[in-house]
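Remember, it's 1-based here, ligands and their atoms both numbered in the order they're listed.
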Amino acid sequence: MRIDAIELHRVGMPLVRPFETSFGVQTAREVLLIRVRTDAGDGWGECVAGTEPFYSSEYVDGAAHVIEHYLAPTLLRAPDVTAASVARQLGYVAGHRMAKAALEAAVLDAELRAVGRSFGEYFGATAEWVDCGVSVGIAPSIDELLAEVAGYVAEGYKRIKLKVKPGWDLEPVARVRELLGPDGLLQVDANTAYTLADAEHLKRLDPFDLLLIEQPFDEEDIASHAALAQVIETPVCLDESILSAAIAVDAIERGATSIVNIKAGRVGGYLEALRVHDICRELSVPVWCGGMLETGIGRAANVALAALPGFTLPGDTSASGRYFADDLAEPFVLGSGEHAGQLRVPTGPGTGVEVDEAFVAARALSPHRTLR
Ligand SMILES: CC(=O)N[C@@H](Cc1ccc2ccccc2c1)C(=O)O
Ligand SMILES: [Mg+2]
């Protein structure tokens with residue numbers, strides 16, 4: 001395809017409730033959306049970087065800058081661009097995986113819409129519905145936490161994930177385990193808030209039968225995660241550390257992770273996410289789909305990814321309403337009856353969602369940029 005223009009849209013969307021993690025409190029999502037205009041039609045992609053460089057080194061302003069000054073000019077100059085060629089064409093730029101992933105996803109959306117294929121079909125999805133978990137922030141009090149969790153359980157979520165940090169871990173986990181009962185699926189995510197010195201403390205989570213403890217230590221400290229895994233029963237799962245299939249293999253082989261959280265934006269795109277899925281499957285390592293408070297664009301693509309056979313654990317592919325009262329596309333709503341706690345895999349061309357351009361324009365934080 002020939003790319004004739006690349007548009008950058010910055011959209012501000014309030015969260016239905018504050019979302020607190022060990023790295024800060026989020027009350028709104030500022031998201032960078034990409035629309036590519038090609039000779040085969042348009043496509044939308046979503047950059048998952050946060051407003052600030054706290055979850056990772058990427059952030060909205062930085063992603064917009066690197067797209068405007070390096071990544072978009074390269075694709076606009078190229079005589080032919082396909083989703084399969086984007087990573088190689090942009091490889092001369094170091095890092096900026098979330099920015100690259102947004103462009104690749106937009107190109108893939110345009111490419112697949114042009115031939116009437118869905119992301120799910122292209123990825124090799126084997127399910128029509130995916131089990132959904134929910135990520136629960138650090139709360140002002142235990143009672144408020146329990147009320148929020150009870151609400152999600154009532155909505156049918158298949159798995160509860162609690163954000164934890166030093167000072168907010170053992171008691172919240174104990175109380176939520178009590179609320180869920182012994183069979184409820186429960187896991188925690190520290191977003192790098194601990195160090196190996198906390199190993200004995202973290203071992204005190206073992207009695208609560210957690211599915212996993214996600215990214216307890218610094219994203220670059222693979223060795224400490226391997227050391228922790230020798231000390232605790234709870235399986236260790238990496239998120240921030242896993243930037244590529246190669247790093248996933250390294251972490252698995254070193255015993256640093258026995259379950260992998262896959263996020264397409266974090267690893268540089270959905271095509272690399274497929275490679276992470278495939279290698280984890282070969283190594284018999286379960287994977288699940290992480291979430292970055294996506295709008296319907298990224299949420300649709302994540303649900304399609306989560307429909308692959310290696311995604312055997314409920315992901316953070318929650319309903320749109322977990323984060324947003326209104327979304328830029330038809331909201332994802334949990335199924336009912338036999339599909340309680342599940343989201344349906346979109347079957348339309350590309351991501352399968354139609355972006356409400358009036359919504360995007362109404363919530364634009366600045367005039368959109370058109371790069372040619
Ligand atoms: C659903 C979930 O817990 N996501 C991330 C943390 C996170 C939380 C809030 C974010 C806000 C803006 C950008 C990225 C963000 C990532 C995680 O799994 O670690
Ligand atoms: Mg995480």
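- Among all protein heavy atoms, the one lying closest to atom 5 (C) of ligand 1 is Lys263 NZ, 3.3 Å.
- By the 30° and 60° cut-offs, the orientation of the rings of Phe119 relative to Tyr270 is perpendicular.
- The Mg ion (ligand 2) has no N, O or S atom of Asp316 closer than 2.8 Å.
- The pair Glu272-Lys100 fails the salt-bridge criterion, with no side-chain N (NZ, NE, NH1 or NH2) lying under 4.0 Å from an Asp/Glu carboxylate O.
- Geometrically, Arg322 engages Phe19 in a cation-pi contact defined by less than 6.0 Å to the ring centre and at most 45° from the axis.
- For atom 1 (C) of ligand 1, the nearest non-hydrogen atom from the set Tyr55, Tyr323, Phe23 belongs to Tyr323.
- Looking at Asp189, its side chain never comes within 3.5 Å of a backbone N or O of Lys163 through a donor-acceptor pair.
- The Mg ion (ligand 2) has no N, O or S atom of Glu240 closer than 2.8 Å.
- Of all the heavy atoms of Thr51, none lies under 4.0 Å from any atom of ligand 1, so neither backbone nor side chain is involved.
- Take the Mg ion (ligand 2) as the corner point: the lines to OE2 of Glu214 and to OD2 of Asp189 open at 90°, to the nearest 10 degrees.
- Scanning all protein heavy atoms for the shortest distance to atom 11 (C) of ligand 1 gives Gln26 OE1, 3.4 Å.
- Between the side chain of Thr370 and the main chain of Ile6, no donor-acceptor pair closer than 3.5 Å is present.
- In Gln215, neither the side chain nor the backbone holds a heavy atom less than 4.0 Å from any atom of ligand 1.
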